[in-house]
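For reference, the structure discussed in these notes is given below.
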There are 4 protein chains.
Amino acid sequence: MDTKTYSEHIPAPGSLKERQRQERVELILQTAEAVLAEKGYYEMSMDEIAARVGIAKGTIYLHFPSKEDLFVALFKRGLLSFLEGIRQVAGQPLPARDRLKLILVQAYGDQRKKQSQIFMSVFSGGNLRRETIEKQFSMREYFKKLADYISKILEDGKAAGEFDDSIPTLVMLTAFLALLNRPHYEELLGENLLSAEDLANQVGRVYFHGISGK
Amino acid sequence: MDTKTYSEHIPAPGSLKERQRQERVELILQTAEAVLAEKGYYEMSMDEIAARVGIAKGTIYLHFPSKEDLFVALFKRGLLSFLEGIRQVAGQPLPARDRLKLILVQAYGDQRKKQSQIFMSVFSGGNLRRETIEKQFSMREYFKKLADYISKILEDGKAAGEFDDSIPTLVMLTAFLALLNRPHYEELLGENLLSAEDLANQVGRVYFHGISGK
Amino acid sequence: MDTKTYSEHIPAPGSLKERQRQERVELILQTAEAVLAEKGYYEMSMDEIAARVGIAKGTIYLHFPSKEDLFVALFKRGLLSFLEGIRQVAGQPLPARDRLKLILVQAYGDQRKKQSQIFMSVFSGGNLRRETIEKQFSMREYFKKLADYISKILEDGKAAGEFDDSIPTLVMLTAFLALLNRPHYEELLGENLLSAEDLANQVGRVYFHGISGK
Amino acid sequence: MDTKTYSEHIPAPGSLKERQRQERVELILQTAEAVLAEKGYYEMSMDEIAARVGIAKGTIYLHFPSKEDLFVALFKRGLLSFLEGIRQVAGQPLPARDRLKLILVQAYGDQRKKQSQIFMSVFSGGNLRRETIEKQFSMREYFKKLADYISKILEDGKAAGEFDDSIPTLVMLTAFLALLNRPHYEELLGENLLSAEDLANQVGRVYFHGISGK
DNA sequence: GATGAATGAGCATTCATTCAT
DNA sequence: CATGAATGAATGCTCATTCAT
């Protein structure tokens, strides 16, 4: 333990104060999210976040003990949000392939969910900050969950005769995970970016049927 | 302008001086590559590079006007190396699917080619440093080439009856590009990382035949 | 001006309110004393004091306009406490040398009197915070008193034939004052710290008889 | 080991570069010494030191890895300087009491030696920064030396019949060490501060003969 | 050309103090 | 009166970049 908080106030959960605090924290998180998305971890400065929120720098430190902690909070939020999306999809009474497609859609964009995006980008961003995150909470457990949700869908699909049960689930999973990163290539190649849905459809089509001729 | 060194004095191309300069530049690039791979852009310091090369910090600035320029040089190198790998594969007298699998292998690892790795990691690392790079040279042109090589293979495949010619090449291409990022999930989920080849096989299998039952 | 609280409203001296205020102030002083003794001025934080007392940080500022003022109040308290100890000793019907020895004991330790300790430590701590203190109240007057008490004892001793009256009282005083600082050397050199009394005895012996052979 | 120096340059001991470096370091030390003496550790800022020296802040960090290190260097310097003074005095062919008096003079002032002063003030300044110092080098060993030099003189004195050999040397030493701190009382009490020599004479007189009447 | 000491803008973090509730 | 969230000036430290030698 390193923190030197002396005043550990535990306010009533529903009180006005507490609600205001929550709002403040939310505002900071949203702003930081935007800055992080724009500039990345190293170029996101506490000064800028504070300025954009319209508060003093010190105020951020009232809610997050350090830049790293703020970042981890952001990442965790993204991860949980992403996971929650998947959980909901996984439980829906739809054919396995439709569920998978919905997951692709979520991963590819769904602009409403910048949170997921943050998660995805950090996530796929190589070794960037991984160490930092690990120090604070175990991602493994959450990734296990993620993998479990997807594996479950895949197995549902096999059971329902939708998917070829001669292919090991793990292989299917691996390929699917590889597809989750939205390719950055597009921005570079092309004029018009595909919508999350269109992209998911194209990718999904291949995922399900492959490209081979008969 | 494409050259990144800014020596005003252009020595005779084959002279001793010039050869030594080239070696020096090469040494810097290789070292920086290693550091970049280990620590990422922001934690790669000019001091460390200089120390590892065994030259003075100022000397780096004789060859690269800034850290960003050095980075861009590195990235470009990686991109060209990757592209060259693809060009070679594309030209080989192999079935299209084998050629595609070789490309996957190259993207997924091929530890001998740290250069490609650098390229891939930066590349898939979200917005990281993209701006910077764009300022210096147009990636678009190179990506166009990359896409062209792959599209060519896909069309070869269609012509040879290997691939389903009712699927637009662009769709195939999009899905293939989405697969090029090696998923980071592995490290998190699992015990044993797959070799580049194994991973390419699994992913390739799905890419070619899909996961659907008949 | 000597009072350090700046409440504009002066309540009836014996009222309940006033008594509670006094208690509050006393509690703050005691706590601050402890923190100051433990951590020193710069590492004593208003947050910690408030937390230890169990009040809000702002409340401290109701009674002390600034950290410096709080410190000065503490110092003054220590000084007065030390002075009071000396006053009591000075008035006792004991041989001069016994009274001096008691003063040494008080200066060297007397663990019960943390207040005196605070005073002594700040006091002997070089220039530390002197300016600050001077801005707020004149120590000179109190030191004059301190010197007067001791000089009086020394002169009592001369009159009683205990001390050599060919030595100017001022010289005796100077040497005595020099001895009042407990040497920190001990902690560094040695195993077992002497008790305040043992140290006073040894130092006193030399003070009274010197170290010369006959 | 924590340092991240990459370029560990080992220059020729007598080279011009090296001499310049020494001068620079010396200048920083002297300036820092002055600031430390004026303001104490916590209010000595790296900015101020740099400004006074007329260099950039970063330059200080070229020579001292942190503020703490700078401080420790300063303290060590003071300690060694003080010790060296004592060593020289201890070896002189003078009566023991004259040697002790010289040591008092040195401790009390000798304005030329601000270094010793720094040492003395930190030293007597309570717990201030002790921890910090200990982390970096063992003071104990040096204090042992200091105590040894003085003990040696005391025993010389006993052997020569100057001092009463019925008093344990340790007692003599303890009292002497207690006298080493120049009393701060003076500044407060009096108009005219005594010169280091006058003070040493007065204190010495009492130390040698005590204040008792016959 | 090399060198590496010097630079200084930039950044995370702390904490005494204020003031709206 | 009491509170404690908010403030923001201050500070230690880093590191890409420059330039005199």
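Per chain, numbering begins at 1; letters A, B, ... match sequence-line order. Source: prediction; values computed, not measured.
- You'll find that the side chain of Ser45(D) is closest to dG12(F), out of dT17(F), dT17(E), dG12(F).
- Pairing each heavy atom of Val25(C) with each of His63(C), the nearest pair is CG2-ND1, 3.4 Å.
- Regarding contacts with the backbone of dA6(E), a side-chain N or O of His63(D) is found under 4.0 angstrom from either OP1 or OP2.
- Atom-to-atom, OH of Tyr61(C) to P of dT7(F) comes out at 17 Å; the value is rounded to the nearest Å.
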Exercise for the section: Would you please test Arg19(C) and Arg24(C) for side-chain contact (heavy atoms from CB on, under 4.5 Å) and show each step? Expected result: CA-CA 9 Å; Arg19(C) 240 178 310 133; Arg24(C) 180 64 60 92; over 6 Å; no
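- Rounded to whole Å, atom C1' of dA16(F) lies 16 Å from atom OH of Tyr42(A).
- Positionally, the nearest nucleotide of DNA chain E for Gly58(A) lies more toward the 5' end than for the other of Gly58(C) and Gly58(A).
- The nearest heavy atom of DNA chain E to Ile55(B) and to Ala56(D) marks one nucleotide each, and the one closer to the 5' end goes with Ile55(B).
- Atom CD of Glu68(D) and atom P of dG12(F) are 11 Å apart (whole Å).
- Side-chain nitrogen and oxygen atoms of Thr59(C) include at least one within less than 4.0 Å of the OP1 or OP2 phosphate oxygen of dT3(F).
- What separates CE of Met46(D) from P of dA12(E) is a distance of 20 Å, to the nearest Å.
- To the nearest angstrom, P of dT14(E) lies 15 Å from CG of Asp47(A).
- If you measure from atom CD of Glu48(D) to atom P of dA9(F), you get 20 Å, rounded to the nearest angstrom.
- At least one side-chain heavy atom of Leu70(C) sits under 4.5 Å from a side-chain heavy atom of Ile49(C).
- In this structure, a donor-acceptor pair under 3.5 Å is absent between the side chains of Glu26(B) and Gln22(B).
- Within 4.0 Å of Lys57(A), counting heavy atoms only, lies at least one base atom of the nucleic acid.
- To the nearest 0.5 Å, atoms CG (Asp47(D)) and NZ (Lys57(D)) are separated by 3.5 Å.
- The pairing partner recorded for dA20(E) is dT3(F), the criterion being a Watson-Crick or G-U wobble arrangement whose two distances lie under 3.5 angstrom.
- Atom C1' of nucleotide dA12(E) and atom CG of Leu62(A) are separated by 16 Å, given to the nearest angstrom.
- Contact annotation: Arg21(C) does not reach the phosphate of dC1(F) (side-chain N/O to OP1 or OP2, under 4.0 Å).
- Distance Glu43(A) CD to dC15(F) P: 14 Å, rounded to the nearest Å.
- Between Gly54(C) and Gln20(A), the residue whose closest nucleotide on DNA chain F is further toward the 5' end is Gly54(C).
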